[in-house]
Amino acid sequence: MSTAVALPAPVVEMIGVRRFFPGPPEVQAINGVDLTIGQGEYLSIVGPSGSGKSTLLHLLGLLDNPTGGVYRLDGVDTMSLRERRRAVLRGERIGFVFQSFHLLDHRTVLENVALSMVYVGVPRRQRMARARVALDRVGLSHRMEFAPTTLSGGERQRVAIARALVAEPSLLLADEPTGNLDTANAEAILQVFDELHSEGMTLAVITHDDNVSRRAQRQVRIVDGTLKW
Amino acid sequence: MVTQAGPPDPAGGPSTSRRRRLRSRPAVRDLLDEALAGVAARPTRLILTTLGTVLGVAALVGTVGLGQTAAGQITQRFDLAAATRVVVQPDDKGGQEGEAATQLPWDAPDRIKRLNGVEAVGTVSSLEIGDDLVENVTGLDGGAGKALQVMAGSSGLWDAVRAVLKTGRFFDDGHDQRADKVVVLGKHAAERLGINRVDAQPAVFIGDEPYTVIGILDSVTGRADLNDAVIMPNGTAKQAYNLESPDAVEIRTAVGAAQLIAEQAPIAIEPNNPSTLTVDAPPKQGAVRKGVESDLNALFLLLGAVALLVGGLGIANVTLLSVLERISEIGLRRALGAARRHIAVQFLVESVIVGFLGGLLGTAVGVILTVGVSWVRDWTPILDNRLAFGSPLLGAFIGLVAGTYPAWKASAIQPITALRGT
């Protein structure tokens with residue numbers, strides 16, 4: 001990691017990224033976005049619905065391909081990657097936290113967290129131990145063998161955060177992480193984000209909620225497919 | 001803030017492992033685990049899904065098993081009559097130049113009887129009766145004479161061909177020695193002559209000579225020609241038609257002794273020239289059985305195939321439904337780094353597991369069915385091992401075929417569609 005200290009390369013580097021959906025009529029969902037997220041940065045992207053923030057999230061998370069521009073993740077040019085390599089890069093470098101949690105109801109909390117290490121080649125023996133550490137980190141060590149359906153919304157989102165963290169991503173990408181939670185639970189999640197930030201994790205939170213957005217170190221606003229500073 | 005040193009290590013693991021090779025390599029065992037968990041998550045559905053394959057494979061194993069078992073019983077019964085019959089005849093081609101064809105000696109039955117494994121033996125001959133017709137004395141047959149086959153036999157013949165009487169009695173050694181003018185009628189011969197009882201001592205004319213009918217046959221085994229014949233004792237035939245020698249020696253052997261007797265009989269009859277005799281012996285076991293089985297199996301296999309087709313469609317249907325239900329799970333896995341083929345393989349393995357379980361259960365049911373029916377019917381269950389061990393694999397294969405389309409559908413789902421909403 002000594003090289004990382006010497007040359008802190010940005011985690012995300014987007015230059016003139018466009019995403020058009022073929023028509024008719026053609027929709028210019030993202031039109032010329034330049035965005036840099038440095039290591040350890042806590043960024044929020046706010047915008048009303050229809051502003052293109054979901055599309056931006058998909059592009060950031062390698063779930064969708066830009067129509068044009070340049071997107072480098074951890075210095076890797078993602079535009080030239082084939083589907084399989086993109087899947088690997090996605091699994092290794094990005095941790096997702098979704099509004100609706102996306103936990104598997106039929107698996108225990110521990111198995112849900114361990115699942116994110118299956119596709120990135122973490123040896124079986126290490127997975128459960130690392131999942132326990134991650135759950136402990138979000139304060140859920142007493143819930144490991146529970147089914148997700150028995151947990152509260154706030155607990156479920158913490159499981160999802162543990163799952164996102166356990167594979168040691170470069171970027172934690174959260175999509176309306178508090179959208180399904182009440183105020184108290186939302187606050188608890190935001191505190192977890194604060195702690196992660198103070199520990200050096202790079203976070204990008206996409207939201208329409210100003211209360212959530214304010215917690216970030218830097219805020220960008222997206223309007224009609226372009227970023228406003 | 002941006003200059004914070006190094007990435008964090010929230011899981012506490014060695015952060016050196018963070019930059020792994022850019023290859024997605026879930027072990028085969030991982031994919032298998034995920035598929036198993038997917039299958040086990042919905043036990044009720046699993047049972048319902050396997051039902052079609054269970055029924056199909058059970059039908060296949062049961063019908064083929066019962067078919068083989070039944071065919072085995074049929075051939076066993078069939079064998080009992082055919083497998084114990086040996087016939088010795090003079091070689092038609094005759095001896096070497098000038099030498100007359102071998103004649104069977106009259107004492108052939110006595111010679112054969114001494115062989116171990118012979119249960120009964122008798123001679124049978126067709127008589128040359130020229131233009132003589134056979135006629136019922138009473139004229140009940142319409143008056144006209146019938147051109148019936150007239151044959152001669154020894155007293156041992158009846159036992160040798162398992163003859164059963166409808167009425168009356170067989171002729172015996174006494175009739176033979178005295179050359180009594182008595183006959184036994186074959187079943188069809190009696191019908192044509194209009195004779196159906198013997199208590200009034202009916203008579204028939206063969207040519208101009210009257211013969212007393214002492215018995216009417218009901219059935220014989222192996223010599224259907226006796227049914228259409230009028231049969232008289234050898235002694236009578238010698239006197240009336242100058243019968244020189246028997247045409248054939250009919251032997252009934254103990255079960256399993258036929259092959260041995262077939263070798264020994266010519267030597268016993270013609271120690272000097274055994275090769276001048278031809279022997280008809282039952283074919284080796286198996287040749288008969290095969291013919292019967294293949295007919296039965298064709299039908300049974302067709303039934304099983306139809307059932308399996310239905311089972312396969314069931315799996316395809318439920319797997320497709322399952323894919324649609326688990327769209328968000330698919331999206332999540334893609335977000336966690338699964339490639340399209342990992343998704344495809346998982347669903348494919350799931351449907352193979354379902355098919356295999358169905359095949360396994362179906363095989364068990366089919367075997368139980370075969371054994372159960374055999375037990376009730378007092379049969380010996382016959383089941384091909386290849387069938388018992390191959391059927392679960394057949395189920396797995398059906399799962400594989402049935403899962404191909406749903407697996408392809410699942411792998412084609414875009415992660416952004418899958419993660420949207422709810």
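No hydrogens, no waters, no symmetry mates; every other heavy atom, side chains included, goes into these values. Not measured: the values here are computed from a predicted model. Proteins get letters first, then strands, A, B, ... in listed order; numbering begins at 1 in each.
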Set of residues satisfying side chain to side chain contact (heavy atoms under 4.5 Å, CB included) with respect to B/Ala402, sequence neighbours excluded
B/Ile315, B/Ala316
Contact class of B/Arg333 relative to chain A, heavy atoms under 4.5 angstrom
both
Looking only at heavy atoms and a cut-off of under 4.5 Å, which of B/Leu332, B/Leu31, B/Asp33 has the most pairs with chain A?
B/Leu332
A/Asp77/A/Arg72 salt bridge by N-O under 4.0 Å criterion:
no
Of the backbone (N, CA, C, O) and the side chain (C-beta and beyond), which part of A/Leu115 lies under 4.5 Å from a heavy atom of chain B, both, or neither?
both
Kindly write out the residues that satisfy side chain to side chain donor-acceptor pair (under 3.5 Å) with A/Arg90, not counting sequence neighbours, or none if the list is empty.
none
Straight-line distance of A/Ile94 CD1 to A/Leu173 CG, nearest 0.5 Å:
6.5 Å
Apply side chain to side chain donor-acceptor pair (under 3.5 Å) to B/Arg386 and list each qualifying residue two or more places apart in sequence or on a separate chain.
B/Asp384
Turns out that what part of A/Arg132 lies under 4.5 Å from chain B's heavy atoms comes down to neither
Nearest 0.5 Å, please: how far is CH2 in B/Trp375 from OG1 in B/Thr380?
15.0 Å
The interface call for A/Leu63 against chain B, heavy-atom contacts under 4.5 Å, is both
Using heavy-atom distances under 4.5 Å, tell me whether A/Arg82 contacts chain B through its side chain, its backbone, both, or neither.
neither
When the 4.5 angstrom heavy-atom criterion is applied to A/Arg86 and chain B, the contacting part is neither
Identify whether the distance between the nearest side-chain nitrogen and carboxylate oxygen of A/Glu199 and A/Arg137 falls below 4.0 Å.
yes
Listed by number, the residues in residues 347-369 of chain B that come under 4.5 Å of chain A (heavy atom to heavy atom) are none
Contact origin within A/Arg218 toward chain B - heavy atom pairs under 4.5 Å:
neither
